[in-house]
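Notes follow the structure.
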Amino acid sequence: MCIYREKKVATAISRNCSPSVPISMALIGAAIFKFLFSSLLWIITLHISFTKGKENYGQYRYPFIKPASSFSPLPSSSLNGGDKPYDYIIVGGGTAGCPLAATLSQNFSVLLLERGGTPFANPNVTFMRNFHISLADTSPSSASQMFISTDGVINSRARILGGATSINAGFYTRASSSFIRNVGWDSKLVQESYSWIERQIVHRPVLRPWQRAVRDGLLEIGISPFNGFTYGHKYGTKVGGTIFDRFGRRHTAAELLASANPKKIHVLVHATVLKIVFDTTGKTPRAVGVIFKDENGKQHVAFISKGPRSEVIVSSGAIGSPQLLLHSGIGPKTDLEKWKIPVVLDNEFVGKDMSDNPMNSIFVPANRPVQQSLIQTVGITKLGVYIEASSGFGQSSDSIHWDHGIVSAEIGQLSTIPPKQRKYEAIQSYRKRKKNLPHEAFMGGFVLEKIANPLSKGQISLLNTNIDDNPLITFNYFSHPSDLQRCVDGIRVVEKILRSKHFTNFSKCDKKTVEKLLNMSIHANVNLIPKHINDTKSLEQFCKDTVITIWHYHGGCHTDKVVNRDYKVFGVEKLRVIDGSTFTDSPGTNPQATVLMLGRYMGVKILRERLGRETGDNESAFIGD
């Protein structure tokens, strides 16, 4: 705009300064000075307002998003609520919480509480090239909170508005029709809810060379048919959707809040919910609100209204939701009494039957840089395993000094440390030494396999009474023999891909080097599990020693055990859990699409039921698009 103004003025001067028009040089000088001075002031003013606007818009984007410290305590301390209670309080502004809050706000007041910050001005979240850096950041303000399961597998849980959609690999694919049937969802509303998500934040990927090579290798070895680009879950090979646009910018669940009614929604970030508040004076405990702390550590209480249909809804994810129920007094009585937590409801199933889809990968080095790609291609086999791939890393000068997210090409990493010394401190020490690694160690990509529906189960239990700390989490990877056999089958599929003509044409990797790649991959996958020298002779041992996560953990608040089919918590009133903690299996090849859908689906369902009852007409509900 400034350039345009300069050209326009310069043109006017050139026209007026023709030799036939006598003009005083002093007047010209004064005019030029006045123009330059006014332009400078304009630029400074524009810069200040842009910077201020960028700070406000970038950090919060929507006027209803505010820091938790802005919350005004309610005048009343009554368990029945204060002067300004909410129709719904949603704990967790994540993958399910954001679409749920946006939908419910169309007709009712909603308070959405998120323990992390916002993703909008965070370049490590926004840009694909920084994917690995976001996961490696272990600072208290990070979007990702690291935890290590008791199995020795390093994992992450989201701590940011948008939840896992702000830190994951972005792949978007729907659940199978059989999954939808088994859960008992309304298939028509499911399709409408998926479409609502897809119109706003999902994109068709630009297929990268590594992904094309894996796709062609899958088809060559018989993982067919080729289903092209599709959101559907179909046997064979396909290309799925992504929440990264063609410029490599991430679009998270937080952007779905643009569909909220700004007059009826209040979003607080850096709001850590400490416990759910219950009224236990009646026959059945009744949720009435929550206690949360803000970014300064000050505690606040928020209440739901006295109406019979107002609710507290927990959407804190597969780790956070069972953890919050336990802290609030809902769970196994013996576990709660151990930590002197008053028992609101004795439910032995809270925190139980946790599962994580185990993943194993083979690293394929390259003698040249490989363009970065996250998950785009997937092979859905009839062996009960999925085949996916990733390649390259961010190209910044600092890239190799970080962990690399989904899997890590850290050759010679923690296996050099004696097993008993593989603690958090050892990881930090390794990171400091990592600067000496050759840059070539980070060129290449991974072909990975993961178990579709693991039968191995674990659990969550409290480590202490501090909600900020991760609970003790055990997944018991490969404790069920079927899971181990399927892993072996999956590794054999990956080996075939590596030997396929199409893949070797791209990778320039000799077919005879597959065993060397397996040996290399033993050390390329970061976990705290002791390695064995005979891993490549025993694929079973290779699976056990190189298992890592792809963040598809689920369970802990299972349907029919902790919640009913409407996600209402058994044994208490006005409390639901709506997120992946209610799943028995992880839906589709990757769960984010279905968790996003679930938030919208249940929001619409709750509105239809509530508005229909209040008006006597089930079709009367107005739900914004």
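The distance from the SG atom of C487 to the NZ atom of K450 is 13.5 Å, given to the nearest 0.5 Å. Considering CZ of F226 and NZ of K238, their distance stands at 11.0 Å, rounded to 0.5 Å. Here L517 contributes atom CG and S361 contributes atom OG; the two are 11.5 Å apart, rounded to the nearest 0.5 Å. Rounding to the nearest 0.5 angstrom, the gap separating the CG atom in L324 from the CG atom in L274 is 9.0 Å. Rounding to the nearest 0.5 Å places CH2 of W185 at 6.0 Å from OG1 of T594. From Y601, atom OH reaches atom CG of D186 across 5.0 Å, with rounding to the nearest 0.5 Å.
Scanning both residues, L374 and S390, for their nearest heavy atoms gives CA-CB, 4.4 Å. When all heavy atoms of L448 and I550 are compared, the pair lying nearest together is CD1-CD1, 4.4 Å. Scanning all heavy atoms of the two residues, the minimum distance from K544 to L484 falls at CE-CD2, 3.7 Å. Taking both residues in full, the closest heavy atoms of C557 and V577 are given as CB-CG1, 4.2 Å, listed atom of the first, atom of the second, then distance. When all heavy atoms are compared, the tightest approach of R250 to V125 is NE-O, 2.9 Å. Smallest separation of non-hydrogen atoms from S479 and K457: OG-N, 4.4 Å.
Under the 3.5 Å distance criterion, the side-chain polar atoms of D579 are matched with a main-chain donor or acceptor of S581. Checked by atom type and distance alone, the side chain of T559 never pairs as donor or acceptor with a backbone atom of R565 at under 3.5 Å. Between the side chain of S316 and the main chain of V91, a donor-acceptor pair closer than 3.5 Å is present. A donor-acceptor pair under 3.5 Å links the side-chain atoms of N168 to the main chain of G170, judged by distance alone. Side chain of Q323 to backbone of D469: a donor-acceptor contact under 3.5 angstrom is found. A donor-acceptor contact shorter than 3.5 Å is absent between the side chain of E449 and the backbone of V385. Listed for the D151 side chain is a donor-acceptor partner under 3.5 Å among the backbone atoms of N476. A donor-acceptor distance shorter than 3.5 angstrom exists from the side chain of E114 to the backbone of G93, with no hydrogens or angles considered. No donor-acceptor pair under 3.5 Å is formed between the side chain of D353 and the backbone N or O of T584. Put simply, the side chain of N590 never gets that close to the backbone of Y172: no donor and acceptor are under 3.5 Å apart.
Using a 4.0 Å cut-off between charged nitrogen and carboxylate oxygen, R486 and D483 count as a salt-bridge pair.
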Query - Full working for side chain to side chain contact (heavy atoms under 4.5 Å, CB included) between T165 and Q592 - result: CA-CA 7 Å; T165 65; Q592 83 161 340; 3.3 Å; yes
Requested in this report: Check the pair M354, I319 against side chain to side chain contact (heavy atoms under 4.5 Å, CB included), reporting the backbone distance first and the verdict last.
Outcome: CA-CA 9 Å; M354 288 290 300; I319 306 299; 4.0 Å; yes
**Report entry** side chain to side chain contact (heavy atoms under 4.5 Å, CB included) assessment of Y235 paired with N227
**Finding:** CA-CA 8 Å; Y235 286 116; N227 294 306; over 6 Å; no
Query raised in the report: Between M597 and V190, is a side chain to side chain contact (heavy atoms under 4.5 Å, CB included) present by the stated rule, with each step listed?
Result: CA-CA 7 Å; M597 182 280 297; V190 165; 4.0 Å; yes
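Judged purely by distance below 3.5 Å, without hydrogens or angles, the side chains of Y553 and S586 never pair a donor atom with an acceptor atom. A side-chain donor-acceptor contact under 3.5 Å links S391 and S373. Judged by distance alone, the side chains of K275 and S328 never bring a donor and an acceptor atom under 3.5 Å apart. Between the side chains of N360 and T546, a donor-acceptor pair is found at a separation under 3.5 Å.
Side chains of K352 and K561 form no contact here, defined as non-hydrogen atoms less than 4.5 Å apart. Within the 4.5 Å cutoff, no side-chain heavy atoms of I313 are placed close to those of Y567.
Between F475 and Y477, the ring-plane angle classifies as tilted under the 30° and 60° cut-offs. Below 30°, between 30° and 60°, or above 60°: for F363 and F446 the angle between ring planes is between 30° and 60°, a tilted geometry.
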